[in-house]
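Data block below; observations after.
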Amino acid sequence: MQPIIIVRDLWFAYEKADYILKGVSFSITSGELIAIIGHNGSGKTTLVKHFNGLLKPTKGSVFINGIDTKQATVAELARNVGYVFQNPNHQIFADTVYEEVAFGPRNLGYDEERIHELVESSLQATGLDGTENTPPFALSMGARERLAIASIIAMDPKVLVFDEPTTGQDHKTCLEVMEIIRKCSREGKTIVLISHDMELVAEWVNRVIVMADGVILLDGSTREAFSKQEVLKSAKLKPPQVIQAAWKLGLQDIPLTVDELVTIISRDLP
């Protein structure tokens with residue numbers, strides 16, 4: 001299958017500053033659910049901002065659905081890549097929930113009937129149906145996060161980038177957000193997730209790219225990534241507690257959830 005995202009020897013620096021990205025290369029196949037993880041300053045947010053044209057390569061290239069991002073505008077790339085920012089308050093600006101979600105598809109040139117369909121389906125998908133006339137900032141923080149997601153879903157992009165979508169949320173809201181993301185993945189969207197929450201990454205994601213100091217240290221399955229103690233240490237990442245427990249117990253298999261840990265312990269220990 002043809003990759004929907006191709007990154008080739010990507011280098012990036014702001015004007016005369018030092019390089020933030022240093023020769024990054026990888027590809028993502030359509031429909032993948034992938035996390036990019038790393039400590040603050042590792043380059044992960046700088047990397048994904050190349051997907052929607054917010055940043056352009058200093059050297060190298062990025063292709064999105066066959067489009068060279070250096071030759072495309074942010075508006076052109078918005079048809080292919082939706083970006084949900086870490087803080088929904090930085091993304092929300094309209095007077096009502098309906099107008100917030102309608103803004104994207106309206107700017108893409110859809111007629112009002114199609115816009116209405118997209119708004120209603122996006123609000124239903126995020127559990128916000130019935131709030132159409134509500135001022136966005138009258139919603140709870142968790143609902144605003146879902147509104148930010150709805151506004152991106154309404155544009156029907158092929159790729160969805162989520163930058164720390166569960167930061168500051170309680171457990172219930174985290175689950176609600178991740179269920180929306182999983183539903184988008186099941187519908188064939190390509191999902192790129194940035195997160196500091198290693199438990200979330202271990203439980204929900206299939207593939208992990210580990211970054212540090214602007215380079216990729218590891219690109220592999222989630223289980224492979226969390227089995228590499230030295231790589232995680234180099235990236236200044238603390239693995240989930242279930243994995244730390246498995247290491248202390250000397251287990252050969254790496255569990256990604258509590259249920260998996262219990263199963264492995266029941267099988268392997270006398």
Side-chain angles (χ1 to χ4, degrees), residues 4 30-34 48 51-54 64-65 67 73-195 200 204-205:
I4 194 166
S30 181
E32 279 197 272
L33 174 54
I34 180 171
V48 298
F51 297 170
N52 64 352
L54 289 177
I64 303 295
N65 199 27
I67 301 169
T73 65
V74 173
E76 289 169 336
L77 291 169
R79 293 182 178 274
N80 288 283
V81 180
Y83 194 115
V84 181
F85 290 87
Q86 179 175 346
N87 187 337
N89 293 342
H90 295 165
Q91 192 167 336
I92 293 169
F93 61 90
D95 293 332
T96 67
V97 166
Y98 186 96
E99 287 304 313
E100 182 69 37
V101 180
F103 178 82
R106 186 169 286 132
N107 275 273
L108 292 178
Y110 293 117
D111 61 45
E112 287 301 316
E113 183 178 354
R114 179 58 176 153
I115 290 169
H116 182 75
E117 292 173 355
L118 289 166
V119 170
E120 291 303 311
S121 63
S122 298
L123 292 177
Q124 185 174 12
T126 53
L128 292 172
D129 42 323
T131 68
E132 288 85 350
N133 297 318
T134 303
F137 286 99
L139 300 173
S140 68
M141 192 64 178
R144 271 177 263 163
E145 179 70 35
R146 287 183 281 130
L147 175 58
I149 295 172
S151 68
I152 297 301
I153 292 175
M155 292 190 288
D156 196 27
K158 295 177 174 61
V159 178
L160 292 167
V161 178
F162 295 89
D163 193 347
E164 301 286 358
T166 60
T167 296
Q169 308 287 1
D170 59 30
H171 182 67
K172 178 178 179 293
T173 303
C174 287
L175 289 179
E176 290 172 348
V177 170
M178 291 310 300
E179 286 293 350
I180 293 168
I181 292 174
R182 177 174 282 176
K183 184 174 184 293
C184 291
S185 177
R186 287 172 175 166
E187 292 173 351
K189 303 294 185 184
T190 303
I191 308 294
V192 180
L193 180 71
I194 296 176
S195 181
L200 180 149
W204 293 84
V205 173

Quiz prompt | CA sep, side-chain torsions, deciding dist, call: K183, E187, salt bridge (charged side-chain N to carboxylate O under 4.0 Å, His left out) | solution = CA-CA 6 Å; K183 184 174 184 293; E187 292 173 351; 2.5 Å; yes

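- Residue pairs meeting the salt bridge (Lys or Arg N to Asp or Glu O under 4.0 Å) criterion with at least one partner in residues 156-167, sequence neighbours excluded, are D156-K189.
- Residues passing the side chain to side chain contact (heavy atoms under 4.5 Å, CB included) test with S140, sequence neighbours excluded: A143.
- Remark: T131 pairs with no residue by the side-chain hydrogen bond (donor to acceptor under 3.5 Å, both in side chains) rule, at least two apart or across chains.
- Atom OG in S122 sits 10.0 Å away from atom CD1 in I152 (nearest 0.5 Å).
- Atom CG in L175 sits 11.5 Å away from atom CD in Q169 (nearest 0.5 Å).
- The salt bridge (Lys or Arg N to Asp or Glu O under 4.0 Å) analysis of residues 81-109, with sequence neighbours excluded, yields the pairs E99-R106, R106-E112.
- A donor-acceptor pair is defined here as one N or O able to donate and one able to accept, closer than 3.5 Å; no such pair exists between the side chain of R182 and the backbone of W204.
- Taking the side chain to side chain contact (heavy atoms under 4.5 Å, CB included) definition, one finds that A148 meets it with V84, P88, Q91, sequence neighbours left out.
- Here the side chains of T166 and H171 are not in contact, with every heavy-atom distance at 4.5 Å or above.
- Considering CG of L160 and CE of M155, their distance stands at 9.0 Å, rounded to 0.5 Å.
- In this structure, the separation between CD1 on I149 and OG1 on T126 is 7.5 Å, given to the nearest 0.5 Å.
- A138 meets the side chain to side chain contact (heavy atoms under 4.5 Å, CB included) test with T134, P135; sequence neighbours excluded.
- Among all heavy-atom pairs drawn from P157 and A78, the shortest one is CB-O, 4.2 Å.
- Under the side-chain hydrogen bond (donor to acceptor under 3.5 Å, both in side chains) criterion, D170 pairs with T173, not counting sequence neighbours.
- The structure places OG of S185 at 13.5 Å from CD1 of I180, a figure rounded to the nearest 0.5 Å.
- Applying side chain to side chain contact (heavy atoms under 4.5 Å, CB included) to I34 and the options I191, L193, V192 leaves one that passes, V192.
- Put simply, the side chain of T190 reaches to within 4.5 Å of the side chain of S30, judged on heavy atoms.
- Interatomic distance, OG1 of T96 versus CG of N133, reported as 6.5 Å (0.5 Å rounding).
- Not counting sequence neighbours, Y110 has no partner by the side-chain hydrogen bond (donor to acceptor under 3.5 Å, both in side chains) test.
- Pairs of residues two or more places apart, or lying in two chains, that qualify as salt bridge (Lys or Arg N to Asp or Glu O under 4.0 Å) and include a residue from residues 133-153 are R146-E176.
- For F85, the ring-ring contact (aromatic ring centres under 6.0 Å, His included) criterion is met by Y83, not counting sequence neighbours.
- Every pair passing salt bridge (Lys or Arg N to Asp or Glu O under 4.0 Å) that includes a residue from residues 117-136 is listed here, sequence neighbours excluded: R114-E117.
- Of all the heavy atoms in A154 and V101, the pair that sits closest is CB-CG1, 3.6 Å.
- Side-chain atoms of N80 and F51, non-hydrogen and from C-beta on, never get closer than 4.5 Å to each other.
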